[in-house]
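See below for the structure under consideration.
Numbering of ligands and ligand atoms starts at 1, following listing order.
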Amino acid sequence: MSPGFIISALAAVLIACATSPARAEDTKEKAASVKEEDGKHFDAEGNPTFKIENGVVDWYTFSGYRRYHADCHVCHGPDGVGSSYAPALTTSMKNIDYGTFLSIVAEGRKRTSGGKESVMPAFGENKNVYCYLDDLYIYLRARAVEAAPRGRPPKKADKPEAATANEASCMGG
Ligand code: HEC
């Protein structure tokens with residue numbers, strides 16, 4: 001079974017869940033890390049989050065920054081600030097929870113308004129994106145709650161062994 005298929009199946013389940021009422025806006029308080037596992041941080045609800053202390057970002061925030069600027073910024077603008085073509089994720093991500101994020105990025109989205117098509121591509125088959133979905137979520141979450149400033153994070157934590165292992169199995173699978 002390809003990881004792409006697994007992501008699509010996961011997205012289908014998550015889309016079903018996404019019909020529940022929109023969650024309240026994300027904040028720095030809600031996004032606070034309460035648990036760390038192998039260098040990855042989680043909030044009180046168990047969703048992935050960032051940890052930024054004295055200007056040092058966790059590995060996943062840094063990795064998400066890099067992945068975002070490889071595959072998303074052409075449409076969504078540098079640092080998630082948006083463009084005339086695609087929405088500012090620094091705003092959108094305040095109201096997009098983890099499950100919704102995974103499904104939008106895996107499945108894509110298309111909207112037509114006033115005869116103009118607005119297309120978010122599906123990345124469910126793109127390893128450079130789906131192997132790093134958590135990294136992207138964590139980075140964009142940090143941007144949206146204004147915990148991460150614009151630009152390349154100057155200081156980062158070392159890459160955790162778990163990140164190297166996951167990367168090898170996802171990229172190789
Ligand atoms: C080819 C241009 C393009 C690229 C590349 C792109 N997006 Fe999008 N994205 C869009 C457009 C356009 C929309 C708005 C779609 C709509 O109107 O429903 C969108 C919507 C989204 C949304 C929902 C925003 C909202 O306000 O509801 C998220 C989340 C998102 N994109 C994340 C990403 C991520 C993460 C990447 C990189 C892996 C990415 N996008 C790459 C064009 C793009």
Side-chain angles (χ1 to χ4, degrees), residues 2-28 30-31 40-41 43 45 47-50 57-153 163 166-167 170-171 173:
S2 80
F5 172 79
I6 297 168
I7 297 279
S8 307
L10 178 68
V13 173
L14 292 166
I15 286 167
C17 303
T19 50
S20 56
R23 70 162 184 185
E25 194 171 291
D26 201 15
T27 59
K28 257 187 205 169
K30 284 189 208 162
K40 189 185 259 188
H41 291 267
D43 67 15
E45 289 178 14
N47 293 313
T49 195
F50 55 87
V57 304
D58 66 284
W59 168 260
Y60 291 93
T61 299
F62 177 74
S63 169
Y65 163 83
R66 282 211 318 215
R67 299 288 158 187
Y68 175 85
H69 289 89
D71 287 296
C72 319
H73 83 290
V74 286
C75 294
H76 289 283
D79 310 310
V81 298
S83 74
S84 56
Y85 184 73
L89 296 177
T90 46
T91 306
S92 310
M93 290 301 287
K94 289 191 171 92
N95 297 301
I96 293 178
D97 64 19
Y98 180 51
T100 309
F101 175 79
L102 298 182
S103 64
I104 293 172
V105 182
E107 307 269 293
R109 219 166 63 180
K110 196 185 279 186
R111 217 173 358 210
T112 312
S113 75
K116 229 184 109 196
E117 241 192 17
S118 170
V119 182
M120 163 66 192
F123 287 97
E125 300 290 333
N126 182 337
K127 286 187 183 185
N128 290 317
V129 174
Y130 74 65
C131 292
Y132 303 96
L133 283 172
D134 278 7
D135 313 40
L136 287 161
Y137 176 75
I138 290 168
Y139 163 70
L140 290 169
R141 188 175 193 188
R143 288 285 302 133
V145 301
E146 291 167 30
R150 289 194 63 162
R152 183 187 178 92
N166 287 338
E167 190 168 42
C170 185
M171 293 299 279

Donor-acceptor contact below 3.5 Å, side chain His76 vs main chain Ser83 = no
Heavy-atom contacts with Asp71 under 4.0 Å: which atoms of ligand 1 show up? List them by number with element.
-> 5 (C), 37 (C), 41 (C)
Check ligand 1 against Arg111 and write out every atom of the ligand that is under 4.0 Å from a heavy-atom position of the residue.
-> 16 (C), 17 (O), 18 (O)
Is the shortest heavy-atom distance from the side chain of Trp59 to the side chain of Lys40 under 4.5 Å?
-> no
Pick whichever of Ala122, Ser113, Pro87 has a heavy atom sitting closest to atom 14 (C) of ligand 1.
-> Pro87
Of all the non-hydrogen atoms in the protein, which one sits nearest to atom 27 (O) of ligand 1, and at what distance?
-> Arg109 NH2, 3.0 Å
Would you kindly say whether Asp135 and Tyr68 are connected by a side-chain donor-acceptor distance under 3.5 Å?
-> no
How are the rings of Phe101 and Tyr137 set to each other: parallel, tilted or perpendicular (split at 30° and 60°)?
-> tilted
Output yes when the distance from some N or O of ligand 1 to some N or O of Lys110 is under 3.5 Å, and no in every other case.
-> no
Taking atom 8 (Fe) of ligand 1 as the reference point, name the nearest N/O/S atom of His76.
-> NE2
Heavy-atom donor-acceptor pair, Thr49 side chain to Ala31 backbone, under 3.5 Å | yes
Would you say Arg141's side chain and Pro48's backbone share a donor-acceptor pair under 3.5 angstrom?
-> yes
What is the closest protein heavy atom to atom 26 (O) of ligand 1, and at what distance does it sit?
-> Ser92 OG, 2.7 Å
Ligand-residue contact atoms, ligand 1 with Val129, heavy atoms, under 4.0 Å | 38 (C)
Expected output: side-chain Asp79 to main-chain Val81 donor-acceptor under 3.5 Å = no
Got a second to check how far Tyr132's OH is from Asn166's CG, nearest 0.5 Å?
-> 10.0 Å
Which ligand 1 atoms are under 4.0 Å away from a heavy-atom of Phe123?
-> 38 (C), 39 (C), 41 (C)
With a cut-off of 4.0 Å, which atoms of ligand 1 are near a heavy atom of Ile104?
-> 22 (C), 23 (C), 28 (C)
Just which atoms of ligand 1 are under 4.0 Å from any heavy atom in Ser118?
-> 12 (C), 14 (C), 15 (C), 16 (C), 17 (O)
Hey, could you give me the CE/SG distance between Met120 and Cys72, rounded to the nearest 0.5 Å?
-> 7.0 Å
Do the non-hydrogen side-chain atoms of Asn95 and Glu25 ever get within less than 4.5 Å of each other?
-> yes
Residue, atom and distance of the protein heavy atom nearest atom 34 (C) of ligand 1 read Cys72 SG, 3.4 Å
How close does the nearest protein non-hydrogen atom get to atom 33 (C) of ligand 1, and which residue and atom is it?
-> Met120 CE, 3.3 Å
Counting from 1 in the order shown, the ligand 1 atoms closer than 4.0 Å to a non-hydrogen atom of Val119 are 10 (C), 11 (C), 12 (C), 42 (C)
When distances are taken from atom 28 (C) of ligand 1, the protein heavy atom at minimum range is Leu89 CD2, 3.6 Å
For Cys75, the ligand 1 atoms with a heavy-atom partner under 4.0 Å come out as 1 (C), 2 (C), 3 (C), 4 (C), 5 (C), 42 (C), 43 (C)
